[in-house]
Peer 1: 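This is the structure I want to talk about, given as structure tokens.
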2 protein chains.
Amino acid sequence: MYTIGQVSDMFNLPISTLRYYDKEGFFPNMERKGNIRYFSDSEIEAIHVIECLKKSGLEIKDIKQFFKWVTEGPSSYPDRKQLFETRKEAVIAEIKHLEKTLAMLEFKCWYYDKAIADGNEDGINAMLPDKLPKDIQKLYNKAHKL
Amino acid sequence: MYTIGQVSDMFNLPISTLRYYDKEGFFPNMERKGNIRYFSDSEIEAIHVIECLKKSGLEIKDIKQFFKWVTEGPSSYPDRKQLFETRKEAVIAEIKHLEKTLAMLEFKCWYYDKAIADGNEDGINAMLPDKLPKDIQKLYNKAHKL
DNA sequence: GCTTGACCTAAAGTTAGGTTTAGGTTGTAT
DNA sequence: ATACAACCTAAACCTAACTTTAGGTCAAGC
């Protein structure tokens, strides 16, 4: 059993955020003694799931729906499975997008290394858009496809 | 040369967003005929860079700073290089975080597949936290480390 | 000559996801 | 018994990055 302050330290989440999540209904079975919240392993796991779903791009209102499904028991297993499946696809797509972003950043690092070495961008611009060194050309193409 | 509507279609960005970027100073050399904006290849490349920096987690005000550096010429090459270097590290970290997220999502897909097959979560809970099948255990551990 | 579509501006409005404020309780160390 | 830290609530507030609104210009087609 953990207090809100301990959980805050554990996850590096502000106490106010944990209270906000509670108000949103993300800890439907949390214990209280007097007025004070006590987080058990079940709430700790809930926070792992919240962080995961948030990072996957899900909105708070849909995370709420997930916890509503949890309270409904086994009949909602297929809905929950579908949710995770959909989020998985979204995260895979997001990683792909970030890899394209990374290609652009690596291209630009090369670009400015060369600009610093040359003192200007003329040499680079003469190579654009398709006469770059082979590896750099790959980055450029990945970064610029629509 | 492209009109704002053509650029909007090209990048799937609302016209209002392109006007907003212009107001923020992201197209310092854009041509106008009368009151109408014309986007050249240089503005198209600027949009690629904006999208990249945005995706890397940079705020609008810092993207503004980047375009200020661009207008300052070669003396700001090192600043620009440093910016892209820093963003590159940020994106690498972000991809790592998303891979952890993906591990959780894959674990949960397995979890609910099994819960659906079993009709309950008892069998799974008996395996937690360290008696899961080997591959699944790996996902679980990756997803749950702090 | 009028309607339609694509462009324009300035300024107000929106939204999600918290965060801060103001005021109050509780438990333990001095 | 008093001070300090850690907890509590309800409600107001905040911020970034757009988006919408209201009102206007202009060229082309019918």
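Computation of the quantities below employed the complete heavy-atom set of this structure, encompassing side-chain atoms and omitting hydrogens, waters and symmetry-equivalent molecules. Numbered from 1 within each chain, the chains take letters A, B, ... in sequence-line order. Bear in mind that the values here come from a model prediction, so they are computed numbers and not experimental data.
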Peer 1: With no hydrogens and no angle check, do the side chains of S40(B) and E43(B) hold a donor and an acceptor under 3.5 Å apart?
Peer 2: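 E43(B) and S40(B) do have a side-chain donor-acceptor pair below 3.5 Å.
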Peer 1: Using the six-membered ring of Y111(A), assess whether NZ or CZ of K108(A) lies under 6.0 Å from its centre and within 45 degrees of the ring axis.
Peer 2: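 Yes; both conditions hold, so K108(A) lies above the ring face of Y111(A).
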Peer 1: K64(B) NZ to dA17(D) C1': how many Å, rounded?
Peer 2: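 In whole Å, dA17(D) C1' lies 11 Å from K64(B) NZ.
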Peer 1: Among Q137(B), K145(B), K138(B), whose side chain to side chain donor-acceptor pair (under 3.5 Å) with N141(B) holds?
Peer 2: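 Running side chain to side chain donor-acceptor pair (under 3.5 Å) over Q137(B), K145(B), K138(B) with N141(B) returns exactly one hit, Q137(B).
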Peer 1: When you measure from the side chain of E31(A) to the backbone of Y38(A), do you find a donor-acceptor pair of N or O atoms at a distance under 3.5 Å?
Peer 2: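 Between the backbone of Y38(A) and the side chain of E31(A) there is no qualifying donor-acceptor contact (under 3.5 Å).
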Peer 1: Touch check for K33(A), heavy atoms < 4.0 angstrom, all strands: base, sugar-phosphate only, or nothing?
Peer 2: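 Touches nothing.
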Peer 1: Mind calculating the distance between CD1 (I60(B)) and C1' (dT19(D)) to the nearest angstrom?
Peer 2: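 It is 14 Å, rounded to the nearest whole Å.
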Peer 1: Mind calculating the distance between CD1 (I47(B)) and P (dC18(D)) to the nearest angstrom?
Peer 2: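 For the pair I47(B) CD1 and dC18(D) P, the rounded distance is 13 Å.
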Peer 1: OP1 or OP2 of dA6(D) less than 4.0 angstrom from a side-chain nitrogen or oxygen of T3(A), does that happen here?
Peer 2: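 Answer is no, no contact under 4.0 Å.
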Peer 1: Give the first and the last nucleotide of DNA chain C, reading 5' to 3', that has any atom under 4.0 Å from a heavy atom of chain A.
Peer 2: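 So the contact region on DNA chain C extends dG17(C) to dT20(C).
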Peer 1: Any residue in residues 16-31 of chain A with a heavy atom nearer than 4.0 angstrom to DNA chain C? Just list them by number, or reply none.
Peer 2: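 Of all residues in residues 16-31 of chain A, the ones placing a heavy atom under 4.0 Å from DNA chain C are S16(A), T17(A), Y20(A), Y21(A).
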Peer 1: Y38(B) OH to dC26(D) C1': how many Å, rounded?
Peer 2: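 Distance check: Y38(B) OH to dC26(D) C1' gives 11 Å.
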Peer 1: With under 30° as parallel and over 60° as perpendicular, where do the rings of F107(B) and H144(B) fit, or are they tilted in between?
Peer 2: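 Ring orientation of F107(B) relative to H144(B): perpendicular.
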Peer 1: Hey, can you tell me if F26(B) and Y21(B) have their rings parallel, tilted or perpendicular (30° and 60° cut-offs)?
Peer 2: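 Plane angle between 30° and 60°, so tilted.
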Peer 1: Relative to the 5' end of DNA chain D, which residue comes earlier, E59(B) or Q6(A), by the nucleotide with the nearest heavy atom?
Peer 2: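 Looking at the nearest nucleotide for each, Q6(A) comes out on the 5' side.
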Peer 1: Without decimals, in angstroms, what is the distance between R32(A) CZ and dC7(D) P?
Peer 2: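 Checked: the CZ to P distance equals 13 Å.
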Peer 1: Does K55(A) pair with E94(B) as a salt bridge, N-O distance under 4.0 Å?
Peer 2: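 Here K55(A) pairs with E94(B) in a salt bridge, since their nearest N and O are under 4.0 Å apart.
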Peer 1: So what does K54(B) hit on the nucleic acid, given a heavy-atom distance under 4.0 Å: a base, only sugar-phosphate, or nothing?
Peer 2: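 Here K54(B) touches the backbone only, sparing every base.
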Peer 1: If the threshold is 4.0 Å, N to carboxylate O, is there a salt bridge linking E85(B) and K88(B)?
Peer 2: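 Judged by the 4.0 Å cut-off on N to carboxylate O distance, E85(B) and K88(B) do form a salt bridge.
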Peer 1: For L13(B) and dC18(D), give me the distance from atom CG to atom C1', rounded to whole Å.
Peer 2: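 Going from L13(B) (CG) to dC18(D) (C1'), I get 11 Å.
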Peer 1: Examine F84(A) together with F66(A) and report whether their ring centres are nearer than 6.0 Å.
Peer 2: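 Yes, ring centres under 6.0 Å apart.
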